[in-house]
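One structure is given here, and the rest of the page talks about it.
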Amino acid sequence: MENNELRVAIGSAADIVTARQRGRALAMEMGFDGSDLTLIATAISEVARNIVIHAKQGIILLGPVNHGSRRGIQIVARDEGPGIKDVAKAMQYGYSTKSGLGVGLPGAKWLMDEFDIASSVGKGTVVTMKKWLH
Amino acid sequence: MHVPVLKQGDYLIASVQSVLSDADLLELRDDLAERVGRFRSRGVIIDVTVLDVIDSFATRTLRAVAHMLKLRGAETVIVGIQPDVAFAMVQLGLTLEGVGTALDLEEGLAYLNRVTKKTLQHGK
């Protein structure tokens, strides 16, 4: 990710709205349109809520990303919460340990072009997702 | 932001005016459950035309509102889900199963007229 990234601190449910609005605005600036803007904002909403529910606080980093000739937006959701014991299970649709629907993480993956999750128990979780301009 | 709720005959109309936080959604839920009792409403329209994101939490809450109001004796219809929002909801695998939906306010009123009339006839 380049240096011109936006950083949104997530500490309460109200920050979820801020994160998705910033993400939508950045995506629009980058040339995304219509349904892509909604998909990106919704995916940000899901990963930000995941932070609030499981880790209480964390950050969302938003910025442009390039790969060869492709340009896109990258969203990183990082927390230092309890971490996820079984990532494969957490990525199963409908699986939830807490009050969620179990839709958030797998749902966000479906909304974006690329999705990666790294988590270690006691250290936290980093979700990195990308959507390419086409 | 607080969602204004208007009384229109036997119905309540909640018009979402801007983005909704989780707290706003929960407040709307409690507000509607109370007003349905106070006004003895038979139907509730929730207009979400302005919402640019309906995520898993919003979907779950809207579904919970509709089911709560049903237990209080009122039918709910969600109107104004935008095409892009509908697309994102489908991509997320979210459904509003068991909840009435309609294109806009006008169709929502027609929906309530239909279902509340049916309920009355069944009650006879």
Side-chain angles (χ1 to χ4, degrees), chain A residues 10-25 27-28 32-54 60 75 77 90-96 98-113 115 129 131, chain B residues 1-4 14-31 46-68 78-99 101 103-104:
Chain A
I10 304 295
S12 74
D15 299 325
I16 298 169
V17 175
T18 311
R20 71 184 187 219
Q21 285 176 334
R22 293 272 184 83
R24 173 185 279 268
M28 196 184 279
F32 285 98
D33 63 3
S35 61
D36 274 348
L37 293 175
T38 305
L39 296 181
I40 291 165
T42 309
I44 294 172
S45 200
E46 297 297 343
V47 294
R49 175 161 294 102
N50 208 59
I51 291 177
V52 173
I53 292 174
H54 297 285
I60 303 272
I75 296 136
M91 289 305 293
Q92 278 173 20
Y93 195 78
Y95 177 79
S96 175
K98 289 213 174 167
S99 57
L101 277 177
V103 172
L105 289 181
K109 184 176 180 176
W110 294 341
L111 297 176
M112 302 294 285
D113 292 330
F115 184 98
M129 37 189 208
K131 191 155 202 83
Chain B
M1 194 190 157
H2 176 75
V3 178
S15 301
V16 177
Q17 306 283 316
S18 70
V19 294
L20 285 183
S21 70
D22 294 5
D24 298 330
L25 269 166
L26 297 176
E27 187 192 311
L28 176 65
R29 179 194 67 191
D30 298 343
D31 193 23
I46 303 176
D47 186 352
V48 297
T49 304
V50 304
L51 289 189
D52 64 341
V53 169
I54 299 182
D55 64 3
S56 59
F57 181 85
T59 303
R60 187 173 57 144
T61 309
L62 288 173
R63 217 158 49 192
V65 170
H67 293 164
M68 268 176 74
I78 314 280
V79 306
I81 296 178
Q82 294 302 301
D84 292 342
V85 174
F87 179 56
M89 288 173 72
V90 171
Q91 292 286 98
L92 264 175
L94 298 174
T95 62
L96 280 169
E97 234 169 285
V99 181
T101 53
L103 185 64
D104 54 21

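Here is how names work: the chains are called A, B, and so on, in the same order as the sequence lines, proteins then strands, and each is numbered from 1. Bear in mind the structure is a predicted one, so any value in this text is a computation, not a measurement.
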- Largest heavy-atom contact set with chain B, pairs under 4.5 Å, which of A/S45, A/A14, A/A41: A/S45

- Would you mind checking which part of A/A108 comes under 4.5 Å of any heavy atom in chain B, side chain (CB onward), backbone (N, CA, C, O), both or neither? backbone

- Item | Atom of A/R20, atom of B/L20 and distance for their closest heavy-atom approach | NH2-O, 3.6 Å

- If every non-hydrogen atom of B/D52 is compared with every non-hydrogen atom of A/R24, which pair is closest and at what distance? OD2-NE, 2.9 Å

- Note on the structure: Scanning both residues in full, the closest heavy-atom pair of A/V17 with B/S21 reads CG2-CA, 3.9 Å

- Note on the structure: Here the pair of heavy atoms bringing A/L39 nearest to B/F87 is CD1-CE2, 3.7 Å

- Task: Just do the side chain to side chain contact (heavy atoms under 4.5 Å, CB included) check on B/L92 and A/L111 with the steps written out, would you?
- Result: CA-CA 7 Å; B/L92 264 175; A/L111 297 176; 3.8 Å; yes

- If you tally heavy-atom pairs under 4.5 Å between each of B/D22, B/I54, B/D55 and chain A, the highest tally belongs to B/D55

- Under 6.0 Å from the CZ atom of A/R22, do we count more than 12 heavy atoms belonging to anything else shown? no

- Side chain, backbone, both or neither: which part of B/V85 has a heavy atom under 4.5 Å from chain A? both

- Message: Tell me whether B/Q91 contacts the main-chain N or O of A/G107 through its side chain, where contact means a donor paired with an acceptor under 3.5 Å.
- Response: no

